[in-house]
Novice: 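Here it is, the structure in full.
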Amino acid sequence: MVERLKGFRDFYPEEQEIRSEIFATMKESCRQFGFKEIDAPSVESIELFANKSGMEIMNQMFSFKDKGGRDITLIPEFTPTLSRMVASRKDLVKPLKWFSVEKFWRYEEPQSGRLREFYQLNADILGSESFFADAEVISLGGYILKKLGVGDVTKLRVSSRILIDRLIERNLPGKRDEVYYILDRWSKLTEEEREAYATEKSLNMETIMSFVNGKILEGVSDPELDRLYKIRDYVISSVGMEVDIDLKIVRGIAYYTGCVFEASDREEKQRSILGGGRYDNVIAQLGGDQTPATGFAMGDAVLENILKANGLWTQRREIGVFVAPIDQAGRDYAVRAASVLRNLGLKVDLNVTDRGISKQLDYAAKMGYQYVVVLGENEARKQSISLKNMGTGSQTEVELEKAGELISLLK
RNA sequence: GCCGGGAUGGGGUAGCGGUGCAUCCUUGGGGACUGUGGAUCCCCGGACCCGGGUUCAAAUCCCGGUCCCGGCCCCA
């Protein structure tokens, strides 16, 4: 048997239905915040990623030559595509608030929360440099987490590249990369490793600690810090989630220019569930007008881990009815009855086998149906349906024309 | 790319050099019954990841590969 490719997934119905609901929740939340959905190609010229994304991502792309010898790749991230879309339409009314849920591909070793093919929600606001834009985009992220039921077990952490850079220049001048490195990996490093790194790079451990615990902010007067406070307060009043200012959030991506943020489970056991920030220069770098931008991405893999860890990865009750004909008269009648029920807006699963009533009930139960419509000669003659409640076993007969009254029962 | 740990029917498992057809549970398919039986009864499928090697003998030991789980790098 041919095996599935490493790091790729099959989604069987029982999983896919849950996934669809989650994506629907994410999309609906975006719309509630006034974001518009967009979509874009899954394959792009490799050039699109060559400029901005740097060496690392180039090594992690599924890239190949097409039949015309062009170098193309499956998209590993969304920002370059988004930037192209914005750059090539000068008539767009700013600010733009766009979101998409797409598949992405990265050729790397699979591990917890990381796969070679994954889905990602991207939500961005383009054309506003105001803190409102950052705050609103972060609020959307928090809102989605709440809607998914994990608002109480996750937290938002915000920081700012500008602020961190200034603090570094003031306290550890010339050590930007080194400070970024140790802050970014802080929770992954052991006490000894931190000490060793600090010593090796001549970083004052006390100063590093003041970045880590936030003490370095005490008494600091800085407009970027004020901005960060405003963002934090806005998000707290907008979604009522825990929001911490945390200077350990630096995020490795080169292009962030201001506020950066992440959400993770409170214990930080998992990878971050979403991450993003302000990237004011990317669109200009890709040939567009200078356009301030802020946004985040949220992958499906870590989200799934967190939902499962909290018992929220559950299939909703199957809504709809299974139509089980008993005899030939019932089979003939079932076509019309099913049609009537479907036109009433019900989900109707009509038997497609030659099985008897017993096996049909068995099947309906296994498929999770709460109600079965049993049809036989009697029902056909009376133009009625017998509705069997699979939970209680009780059964009621109603006229087909009055089946609309059942809808409230079945929804 | 690197480092651990794994891999036995669809799912979960037992066996860990030779003992009767690789165990048990579950699941799947078919049939009997034919207005209630998601029941009952009967029948049938289905596995040692792949390739080498050691051995009289390999699911079992060794080597390589593949995939899975986790970690590193990196996190777009």
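Side chains included, hydrogens not; waters and symmetry mates left out as well; all remaining heavy atoms used. Chain letters run A, B, ... following the sequence lines, proteins first and then strands; every chain starts at 1.
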Novice: Specify the separation, in whole Å, of atom CZ of Arg4(A) and atom P of rC50(B).
Specialist: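 Roughly 18 Å, once rounded to whole Å.
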Novice: What residues in residues 115-123 of chain A put a non-hydrogen atom under 4.0 Å from any atom of RNA chain B?
Specialist: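 RNA chain B contact set from residues 115-123 of chain A: none.
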Novice: Test your reading of the model: is there a side-chain donor-acceptor pair from Asn122(A) to the backbone of Phe99(A), 3.5 Å cut-off?
Specialist: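 Not confirmed, Asn122(A) side chain does not pair with Phe99(A) backbone.
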Novice: Out of rG38(B), rC72(B), rC68(B), which has the shortest distance to the side chain of Lys188(A)?
Specialist: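 Per side-chain heavy atoms of Lys188(A), the pick is rC72(B).
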Novice: Expressed as a whole number of Å, how far does the P atom of rG12(B) sit from that of rG28(B)?
Specialist: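 Nearest-Å result for rG12(B) against rG28(B) at atom P: 16 Å.
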Novice: With sequence neighbours excluded, tell me which residues meet side chain to side chain donor-acceptor pair (under 3.5 Å) with Arg116(A).
Specialist: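 Side chain to side chain donor-acceptor pair (under 3.5 Å) check on Arg116(A) returns Glu109(A).
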Novice: Quiz question: going by heavy-atom distance under 3.5 Å, is there a donor-acceptor pair between the base of rC75(B) and the side chain of Arg114(A)?
Specialist: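 It does, because a donor-acceptor pair links the side chain of Arg114(A) to the base of rC75(B) below 3.5 Å.
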Novice: Rounding to an integer number of angstrom, what distance separates rC73(B) and rC3(B) when you compare their P atoms?
Specialist: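 These two P atoms come out 15 Å apart once rounded.
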Novice: Roughly how many Å is it from CD in Gln111(A) to P in rC73(B), rounded to a whole number?
Specialist: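 Value for this atom pair: 9 Å.
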Novice: Quickly work out the Tyr369(A) OH to rU36(B) C1' distance and round it to whole Å.
Specialist: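 Taking atom C1' of rU36(B) as the reference, OH of Tyr369(A) is at 20 Å.
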Novice: When you compare rG64(B) with rU23(B), how far apart are their P atoms, in angstrom units rounded to a whole number?
Specialist: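 So the two P atoms sit 32 Å from each other.
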Novice: Name the pairs: protein N/O against N/O of nucleotides 27-29 of chain B, kept only if under 3.5 Å.
Specialist:
unit_1: rG28(B); atom_1: OP1; unit_2: Lys366(A); atom_2: NZ; d: 3.2
unit_1: rG28(B); atom_1: OP2; unit_2: Lys366(A); atom_2: NZ; d: 3.3
unit_1: rG29(B); atom_1: OP1; unit_2: Arg355(A); atom_2: NH2; d: 3.2

Novice: Expressed in whole Å, how much space separates the C1' atoms belonging to rG45(B) and rC50(B)?
Specialist: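 Pairwise C1' distance, rG45(B) against rC50(B), rounds to 25 Å.
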Novice: Please report the distance, rounded to the nearest Å, between OH in Tyr107(A) and C1' in rC73(B).
Specialist: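 Checked: the OH to C1' distance equals 16 Å.
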Novice: Scan for salt bridge (charged side-chain N to carboxylate O under 4.0 Å, His left out) pairs involving residues 387-397 of chain A, sequence neighbours excluded, and state none if there are none.
Specialist: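 Passing the test, one end in residues 387-397 of chain A: Lys382(A)-Glu397(A).
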Novice: Going by ring-ring contact (aromatic ring centres under 6.0 Å, His included), name the residues that satisfy it together with Tyr256(A), two or more places apart in sequence or in a different chain.
Specialist: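 Partners of Tyr256(A) under the ring-ring contact (aromatic ring centres under 6.0 Å, His included) test: none.
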Novice: Between protein and nucleic acid, restricted to nucleotides 32-35 of chain B and to nitrogen or oxygen atoms under 3.5 Å apart, what atom pairs and distances do you find?
Specialist:
unit_1: rG35(B); atom_1: O6; unit_2: Glu377(A); atom_2: N; d: 2.4
unit_1: rG35(B); atom_1: O6; unit_2: Asn378(A); atom_2: N; d: 2.5
unit_1: rG35(B); atom_1: N1; unit_2: Glu379(A); atom_2: OE1; d: 2.7
unit_1: rG35(B); atom_1: N2; unit_2: Glu379(A); atom_2: OE1; d: 3.3
unit_1: rG35(B); atom_1: N2; unit_2: Glu379(A); atom_2: OE2; d: 2.5

Novice: Measure CG/Asp10(A) against P/rC68(B) and give the value in whole Å, please.
Specialist: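 Taking CG of Asp10(A) and P of rC68(B), I get 11 Å after rounding.
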Novice: Can you establish whether the number of heavy atoms outside Asp10(A) located under 6.0 Å from its atom CG is more than 12?
Specialist: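 For Asp10(A), atom CG is crowded (more than 12 foreign heavy atoms under 6.0 Å).
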Novice: Sequence neighbours left out, what passes ring-ring contact (aromatic ring centres under 6.0 Å, His included) with Tyr363(A)? Give chain and number order.
Specialist: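 So Tyr363(A) forms a ring-ring contact (aromatic ring centres under 6.0 Å, His included) with Phe322(A).
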Novice: Classify Arg185(A) by what it touches in the nucleic acid, base, sugar-phosphate, or nothing, heavy-atom distance under 4.0 Å.
Specialist: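 Touches sugar-phosphate only.
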Novice: Name all pairs fulfilling the ring-ring contact (aromatic ring centres under 6.0 Å, His included) condition that reach into residues 139-163 of chain A, sequence neighbours left out, sorted by first residue then second.
Specialist: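 Listed by first then second residue: Phe33(A)-Tyr143(A).
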Novice: Between rU60(B) and rG17(B), how many Å separate the two P atoms, rounded to a whole number?
Specialist: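 Comparing P positions in rU60(B) and rG17(B) gives a spacing of 11 Å.
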Novice: What's the gap between rA22(B) and rG15(B) when it is taken at their C1' atoms, as a whole Å value?
Specialist: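 Rounded to whole Å, the distance is 8 Å.
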Novice: Nearest 0.5 Å please: distance from the CZ atom of Phe23(A) over to the OH atom of Tyr119(A).
Specialist: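 If we round to the nearest 0.5 Å, Phe23(A):CZ and Tyr119(A):OH are 6.0 Å apart.
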Novice: Applying the Watson-Crick and G-U wobble criteria at under 3.5 Å, what pairs with rA39(B)? Answer none if nothing qualifies.
Specialist: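 None - no nucleotide pairs with rA39(B), as no candidate has both distances under 3.5 Å.
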Novice: Is Arg271(A) close enough to rC74(B) that one of its side-chain N or O atoms is under 4.0 Å from OP1 or OP2 there?
Specialist: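 No, because none of the side-chain N or O atoms of Arg271(A) sits under 4.0 Å from OP1 or OP2 of rC74(B).
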Novice: Between rC48(B) and rG10(B), how far apart are the two P atoms, rounded to whole Å?
Specialist: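 Those two atoms are separated by 9 Å.
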Novice: Under the rule for side chain to side chain donor-acceptor pair (under 3.5 Å), what residues qualify as partners of Lys94(A), not counting sequence neighbours?
Specialist: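 Lys94(A): no side chain to side chain donor-acceptor pair (under 3.5 Å) contacts found.
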Novice: For the pair made of CG in Leu189(A) and P in rC74(B), what is the distance, rounded to whole Å?
Specialist: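 Value for this atom pair: 11 Å.
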Novice: Which nucleotide, in any strand shown, forms a Watson-Crick or G-U wobble pair with rG64(B), with both distances under 3.5 Å?
Specialist: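 Base-paired to rC50(B).
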Novice: Side chain of Asp362(A) only, please: which of rC72(B), rA39(B), rG70(B) is the nearest?
Specialist: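 Selected nucleotide: rA39(B).
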Novice: Ignoring backbone atoms, establish whether Lys388(A) has a side-chain N or O less than 4.0 Å from OP1 or OP2 of rU36(B).
Specialist: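 Looking at the OP1 and OP2 atoms of rU36(B), neither is under 4.0 Å from any side-chain N or O of Lys388(A).
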Novice: In whole angstrom, what separates Lys6(A)'s NZ from rG6(B)'s P?
Specialist: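 Going from NZ in Lys6(A) over to P in rG6(B) covers 18 Å.
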Novice: Provide the distance between the two P atoms, one in rA47(B) and one in rC24(B), to the nearest whole Å.
Specialist: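 Between the two P atoms, the distance is 16 Å.
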Novice: Please collect all salt bridge (charged side-chain N to carboxylate O under 4.0 Å, His left out) contacts where either partner lies in residues 121-137 of chain A, sequence neighbours excluded, each pair once.
Specialist: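 For residues 121-137 of chain A, and leaving out neighbouring residues, the salt bridge (charged side-chain N to carboxylate O under 4.0 Å, His left out) pairs sorted by first residue read Asp134(A)-Arg227(A), Asp134(A)-Arg278(A).
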Novice: Measure CG/Leu361(A) against P/rU36(B) and give the value in whole Å, please.
Specialist: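 Those two atoms, CG and P, are 11 Å apart.
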Novice: Under the salt bridge (charged side-chain N to carboxylate O under 4.0 Å, His left out) rule, collect the residues that match up with Asp244(A), sequence neighbours excluded.
Specialist: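 Asp244(A) satisfies salt bridge (charged side-chain N to carboxylate O under 4.0 Å, His left out) with no residue once adjacent residues are dropped.
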Novice: Filter on ring-ring contact (aromatic ring centres under 6.0 Å, His included), then keep only pairs touching residues 280-303 of chain A, sequence neighbours left out; what's left?
Specialist: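 Passing the test, one end in residues 280-303 of chain A: no pairs.
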Novice: Which one is paired to rC72(B), where only Watson-Crick or G-U wobble pairs with both distances under 3.5 angstrom count?
Specialist: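 Per the H-bond distance test, rG1(B).
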Novice: Which is true for Gly295(A) with a 4.0 Å heavy-atom rule: it touches a base, it touches only sugar-phosphate, or it touches nothing?
Specialist: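 Here Gly295(A) touches no strand at all.
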Novice: More than 12 heavy atoms of other residues, nucleotides or ligands under 6.0 Å from CG of Asp152(A): yes or no?
Specialist: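 Atom CG in Asp152(A) is not crowded, with 12 or fewer foreign heavy atoms closer than 6.0 Å.
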Novice: Is a side-chain donor or acceptor of Asn171(A) paired with a backbone partner of Leu167(A) at a separation under 3.5 angstrom?
Specialist: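 Yes, the answer is positive, given that a donor and an acceptor are paired below the 3.5 Å cut-off.
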